[in-house]
Amino acid sequence: MSMSGTRERLVVIGGDAAGMSAASQARRLKGPDELEIVAFERGHFTSYSACGIPYWVGGEVSERDELIARTPEEHRSRGIDLRLRTEVVEIDVDGARVRARDVDSGAESWTSYDKLVIATGARPIRPDMPGVDAPGVHGVQTLDDGQELLDTLTRARGRRAVVVGAGYIGVEMAEALINRGYEVTVVNRGAEPMSTLDPDMGRLVHQAMEGMGITMVNDAEVTKILTGDDGQVRAVATDDAEYPADVVVLGIGVRPETTLAKAAGLPLGEYGGLLTDLAMRVRGHENIWAGGDCVEVLDLVAGRERHVALGTHANKHGQVIGTNAGGGYATFPGVVGTAVSKVCDLEIARTGLREKDARRAGLRFETVTIESTSRAGYYPGASPMTVKMLAERRTGRLLGVQIVGREGAGKRVDIAAVALTAGMTVEQMTALDLGYAPPFSPVWDPVLVAARKAAAAVRNKTP
Ligand SMILES: Cc1cc2nc3c(=O)[nH]c(=O)nc-3n(C[C@H](O)[C@H](O)[C@H](O)COP(=O)(O)OP(=O)(O)OC[C@H]3O[C@@H](n4cnc5c(N)ncnc54)[C@H](O)[C@@H]3O)c2cc1C
C-alpha cells in the first residue's frame, strides 16, 4: 500500500495511447478515493494520434489540435495526476518506486507505486551517419516532430524532398509531401517498398508510386546526409549516388523503447520488447503491466512473439491493462498482423503471414494471386485490385492475405483478419455470407475469388 493509507497508487509511464487508455480505464473502474493515478509524460502532449501526422503535414487535417483526443486538462479533470514534461529515468522494482526528472528544471524525485504501467512506446531508428542531425532532416514520431517538419516546409527554399524508408510511414509521408507540392524521391533499402508485403505485391506499390511521379530508389542504403555552407541539408547520399533535397524525412522503422525496463531487469524478448502474459502483466511481476509499442505480442497465426508497433493494439492494451489494474479482468489474446495504409489513391493492406513468415514458422503453403475489381465491372468507379492469399497445405487453413488496389480495396483485408482469427480454411471462406450489390463489389467479392482459387490449389496439391 502507498503512503496514503488504504488508497492504492497506480503510476503510469508514458502519456499517449497505451498509457492514458490504461489510466482512463482504471479511473472508470475505481474512483480517486480508492485509487490515486499518477501519469508521467516527458513530452508536451497526451493522447494524441501520431497516426494522423501524415495527414496534418499533407494538409488534409488543418489543425494540430484535431489530432489530440484528450488534453492534459481533460485527464486532470477526471482525477488523473498528470505530470507533463516529466521523464521517468529509473524504475526501482524492489523498492516499488520510480525516479522522475522535470525535463525543464532537471529536478528529480522518487514516487512509490502499488501498481505500475509501462507504456513508453517505441523509438524511431535514427542511423548514426554524418548529417543526420542537420536542420531539414526530420522524424515524424511526435506532434513536436510534425510541427518542426511543417516549419521546415514553410521555410524551405526549394521543393525537393527525399523520404528515407518505404514502410507505411515512408509512403504516407511521400503522399503528404506531394500534397504540399514537393518533388518526392523515396530511397529504400529493400528490393521493393512496403516490406510488410511479399516483394511481388510490393512491386505493384512501386509501379503505382512511379505512376504518381514519385522517384523510387530501391536496394539503396543511405550512407550520409550532405549539408550546404549554411549547415542545412542539401542531399542524401548512397554509396553510388546523391539525391538533392531541401527536406529529408526519416521513416526507417522503430524499436521498442525499453531502456528503463531493461535497466530494471524486466524480461525482454527477441525484438527488445517487454514480455507480458495475456493480461498484459509483465512476466514474473504481479503488479507491473506493459502495453503498446514497448511490448512484444503473440502472433496468433505463427504462434510466436513479434513486435508490431500499431496504435490499434496500443489502445486495446491500454483498455486491458486499465481493467486489470482497476480490479477487473481482461485479456489481449494476440494479433493476426493486420495493417492498412495508402499512398495517394493506392490502398495497401495485409494480414497474417507473408511467404517468408510462413516458411520461418515451418509451414508448407500454397499461394494464389487474383485480379478483380472493387465494384461490379460494369458499375461506374470500378477499379482494379490484386489479392494475394496464402493457405496451408493439406489443412487449407488461411495463413495470410495482401491487397493492393484503389478505393475500396484496403479495408477488405478485414474479412481475412476475421477469418484468420476464427481459424477458417479457405474452403470455408468461399461460403462467407458477405454483402453484395454492384456499387460495393462484384457478385464474388475479390477476397472470395482468391479463397476459391486457394481452395482449388490446396485440393490439387493434396494427395
Ligand atoms: C507517422 C505515424 C503514423 C502512424 N500511423 C498509424 C496508423 O495508421 N495505424 C496504426 O495503428 N498505428 C499507426 N502509428 C503507430 C501508433 O502511433 C503507435 O503504435 C502508438 O502511438 C503507440 O502508442 P504507445 O502509447 O504505445 O506509444 P507512444 O504513442 O509512442 O507513446 C509513448 C509515450 O511515452 C512517453 N515516454 C517514453 N518514455 C518516457 C519516460 N521515460 N518518461 C516519461 N514519458 C515517456 C513518450 O513521450 C510518448 O508520449 C503511426 C505512428 C506514426 C509515428
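Along the sequence shown, residues carry numbers from 1. Computed from a prediction, not measured in an experiment: that's the story for all the values here. Just so you know, ligand 1 is whichever comes first in the structure, and atom 1 is the first atom listed for that ligand.
Each of Lys388, Gln402, Arg360 was evaluated against Glu355; a single residue qualifies, Lys388, per the side-chain hydrogen bond (donor to acceptor under 3.5 Å, both in side chains) test.
For ligand 1, the polar-atom distance check against Ala314 finds no nitrogen or oxygen pair separated by under 3.5 Å. At least one N/O-N/O distance between Ala17 and ligand 1 falls below 3.5 Å. Residue Val88 places at least one N or O, backbone or side chain, under 3.5 Å from an N or O of ligand 1. For the pair Glu172 and ligand 1, the shortest N or O to N or O distance does not fall below 3.5 Å.
Considering only non-hydrogen protein atoms, atom 47 (O) of ligand 1 sits nearest to Glu41 OE2, 2.6 Å. Scanning the protein heavy atoms around atom 26 (O) of ligand 1, the nearest turns out to be Asp293 N, 2.8 Å. Shortest contact from atom 34 (O) of ligand 1 to any protein heavy atom: Gly14 CA, 3.2 Å. Looking only at protein heavy atoms, the nearest one to atom 16 (C) of ligand 1 is Gly311 N, 3.4 Å.
The existence of a salt bridge linking Lys411 and Asp414 is confirmed by a sub-4.0 Å separation between a basic side-chain nitrogen and an acidic carboxylate oxygen.
Heavy-atom distances between Thr259 and ligand 1 stay at or above 4.0 Å for every pair.
By the criterion of a heavy-atom distance under 4.0 Å, the backbone of Thr86, and not its side chain, is placed next to ligand 1. When non-hydrogen atoms are compared, ligand 1 lies under 4.0 Å from the side chain of Tyr168 (C-beta onward) but not from its backbone. Contacts of Ala309 with ligand 1, taken as heavy-atom pairs under 4.0 Å, involve the backbone alone. Proximity of Trp56 to ligand 1, defined as any heavy-atom pair under 4.0 Å, is not found for any part of the residue.
Selection from Thr338, Thr142, Val140, Asp144 by nearest heavy atom to atom 1 (C) of ligand 1 gives Val140. Of the candidates Ala119, Gly146, Cys51, Gly52, it is Cys51 that places a heavy atom closest to atom 5 (N) of ligand 1.
The two atoms that bring His313 and Val335 nearest to each other are CE1-CG1, 3.4 Å, heavy atoms only.
Side-chain atoms of Arg406 never come within 3.5 Å of backbone atoms of Glu347 as a donor-acceptor pair (strictly under, hydrogens ignored).
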